[in-house]
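Reminder, nothing fancy here: chain letters follow the sequence lines and each chain counts from 1.
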Number of protein chains: 2
Amino acid sequence: MQDAHNRPYHHGDLRRAVIETALDMLREEKNWQFTLREVARRAGVSHAAPYKHFPDKAALLAELAMIGFDWLRASLSAAKPKAPKSLRDEIAPVAHAYVAFGTDNPALYRLMFSAGEEKAAGMHLNERALAVFDVALEILRRGQAAGSIRKRPIEGQAAAWWGLVHGMTMLAIEGLLVPEKVGSAPLDAALSTLVEGLETLAT
Amino acid sequence: MQDAHNRPYHHGDLRRAVIETALDMLREEKNWQFTLREVARRAGVSHAAPYKHFPDKAALLAELAMIGFDWLRASLSAAKPKAPKSLRDEIAPVAHAYVAFGTDNPALYRLMFSAGEEKAAGMHLNERALAVFDVALEILRRGQAAGSIRKRPIEGQAAAWWGLVHGMTMLAIEGLLVPEKVGSAPLDAALSTLVEGLETLAT
DNA sequence: GCGCTTAAGTAGTCACTGTCAACAATGTAT
DNA sequence: ATACATTGTTGACAGTGACTACTTAAGCGC
């Protein structure tokens, strides 16, 4: 980054710098196996410096995952149309935003869902993860109130939505949704099926 | 396993032994970060011996993943009822078998879908993976022929099924399908929605 | 200004990993 | 028997996460 001699001894804001560097690297390489030392190297700092800010490698991972969930949630909210005409008009854009987030940031997305087993941090992580579930929940709740969705425990339906988009995202990241096997727009097809299963029969 | 002195110099069938040992360890520990040396140790063999049978750690991983896909496919076939009365009767058991496989063998399942980027082996791996997709495809094809499913490109529907069960499996493994947020039987709820989206309107 | 505490860096070490090359024991073809 | 290919073993290498001890800079009351 800069010469070692004119760089101040104290980085100033290394915590943030470490996080940003890690995010950059996650963004750049689809499959990067995370190493603390490489992050430190690239941040222009000694290999042990990050330990002053994170007790653990897992702690940094958990933090990154939390940021990822916040981004995801924000991008879902942004994709939600203000004046939806139908249930599908509301669900489809959000689902597309979800999958797009995953395929645009594959390394980060994978990290978010495999950080597992971080004892303490795991709790907070799950909270953040369930926040994206809540986005779906809210859409469906409104849809049910408007009468366009069957009266049925809504949590299961939201779980269906989450499972579907999460699964499609993962499969897409892994390159398993090849068009010649799966059609040209599998997500749209899947969403059609899902929405039609959600809707009330009378239309 | 046995004393070093009475064990013959040549193992006899080390390739298989390595695979079996690795599978055992995957089965035992939900989160095991795979190390070749530990496998070798446990197989009672020196740390470099496996390299005579696998060019690479990735090669062993790919082989394990392929075995996993074969198992999964077999367990799906076994779950398929011989004389299904309805589409749901055929889809639901298979979906349950799918998720059960994943939650019963979390480490293996995760490995199967994150082995990514193994150049050559990746091709064969994807073939095996798509074989489970074919199971769904066949069920739906028969359903459509019998007239219980809408006439629509069937690949997209199969992708919907795969995405759904894969996503639910992953979320379940990661402990994200907590009942208090998501209801008691999220998979059943999700399947109901999916099946109803698949079915023809006339019933 | 001056000395003090302390946060934020450094270097060095440890046990561990994947991988490779050199060597040894075993089986097999000639 | 003798040469050879196979399949083990040992020992080394660089790179990793984690930890420690040391050093440096910054901020503080006085």
Side-chain angles (χ1 to χ4, degrees), chain A residues 1-22 25-26 29 31-65 107 111 114-121, chain B residues 1-22 25-26 29 31-65 107 111 114-121:
Chain A
M1 239 39 185
Q2 53 197 110
D3 295 343
H5 18 298
N6 68 357
R7 189 190 53 215
Y9 184 88
H10 280 91
H11 181 286
D13 195 1
L14 199 143
R15 181 167 222 277
R16 181 169 308 287
V18 164
I19 292 179
E20 297 250 324
T21 306
M25 303 181 85
L26 281 175
E29 231 172 314
N31 293 72
W32 171 46
Q33 74 175 36
F34 203 101
T35 83
L36 252 194
R37 287 173 111 105
E38 195 175 345
V39 175
R41 215 153 22 212
R42 178 143 151 184
V45 103
S46 84
H47 63 252
Y51 282 91
K52 297 286 166 177
H53 300 272
F54 303 92
D56 212 48
K57 178 183 175 181
L60 173 56
L61 258 56
E63 183 114 4
L64 294 173
L111 175 76
S114 70
E117 325 311 305
E118 272 97 86
K119 301 155 271 207
Chain B
M1 236 41 187
Q2 51 198 112
D3 293 345
H5 21 296
N6 66 357
R7 187 189 55 216
Y9 185 87
H10 281 91
H11 181 287
D13 195 3
L14 193 120
R15 180 166 222 279
R16 181 169 308 288
V18 164
I19 292 179
E20 296 251 322
T21 308
M25 302 179 88
L26 282 174
E29 232 173 309
N31 294 72
W32 171 44
Q33 71 175 32
F34 203 100
T35 83
L36 253 194
R37 286 175 111 106
E38 196 175 344
V39 174
R41 214 151 26 210
R42 179 142 149 184
V45 102
S46 84
H47 63 255
Y51 281 89
K52 299 291 159 166
H53 300 272
F54 303 92
D56 214 47
K57 179 181 174 182
L60 173 56
L61 259 56
E63 182 115 5
L64 295 172
L111 174 76
S114 70
E117 321 315 302
E118 271 98 86
K119 304 155 270 206

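Taking atom CG of residue A:D56 and atom C1' of nucleotide D:dC19, one finds them 12 Å apart after rounding to whole Å. Note: CD (A:Q33) to C1' (D:dG17) measures 13 Å, nearest angstrom. The separation between A:F54 atom CZ and C:dG9 atom C1' is 15 Å, rounded to whole Å. Between the CG atom of A:L60 and the P atom of D:dT16 there is a distance of 15 Å, given to the nearest Å. Rounded to whole angstrom, the span from the CD atom of A:E38 across to the P atom of D:dT16 amounts to 7 Å. Between the C1' atom of C:dA25 and the CG atom of B:L14 lies a distance of 15 Å, rounded to the nearest Å. Taking atom CZ on B:R16 and atom P on D:dT7, their separation rounds to 14 Å, with Å as the unit.
Between A:W32 and A:L111, every side-chain heavy-atom pair lies at or beyond the 4.5 Å cut-off. Residues A:H53 and A:E63 are not in side-chain contact: their nearest non-hydrogen atoms beyond the backbone lie 4.5 Å or more apart. Using a 4.5 Å heavy-atom threshold, the side chains of A:F54 and A:L36 count as separate.
With distances taken from any side-chain atom of B:A48 to the nucleotides C:dC20, D:dC19, C:dT17, the minimum falls on C:dC20. The side chain of B:Y51 sits closest to C:dG18 out of D:dG8, C:dG18, C:dT10.
Regarding contacts with the backbone of D:dT16, a side-chain N or O of A:R41 is found under 4.0 angstrom from either OP1 or OP2.
Among the atoms of the strands shown, only primed sugar atoms or phosphate atoms (P, OP1, OP2) are found under 4.0 Å from some heavy atom of B:H53. B:S46 comes within 4.0 angstrom of a base, heavy atoms only. Residue B:F34 is in sugar-phosphate contact alone, with no base atom involved, counting any heavy-atom pair closer than 4.0 Å across all strands shown. A:K52 comes within contact range of at least one nucleobase, with a heavy-atom separation under 4.0 Å.
Remark: the A:H47 side chain and the C:dG9 base include no donor-acceptor N/O pair separated by less than 3.5 Å. Below the 3.5 angstrom threshold, one finds no donor paired with an acceptor across the side chain of A:R37 and the base of D:dG15.
Contact between A:T21 and A:A43 at its shortest, heavy atoms only, is OG1-CB, 3.9 Å. Across all non-hydrogen atoms, the minimal contact from B:S46 to B:A40 is O-CB, 3.5 Å.
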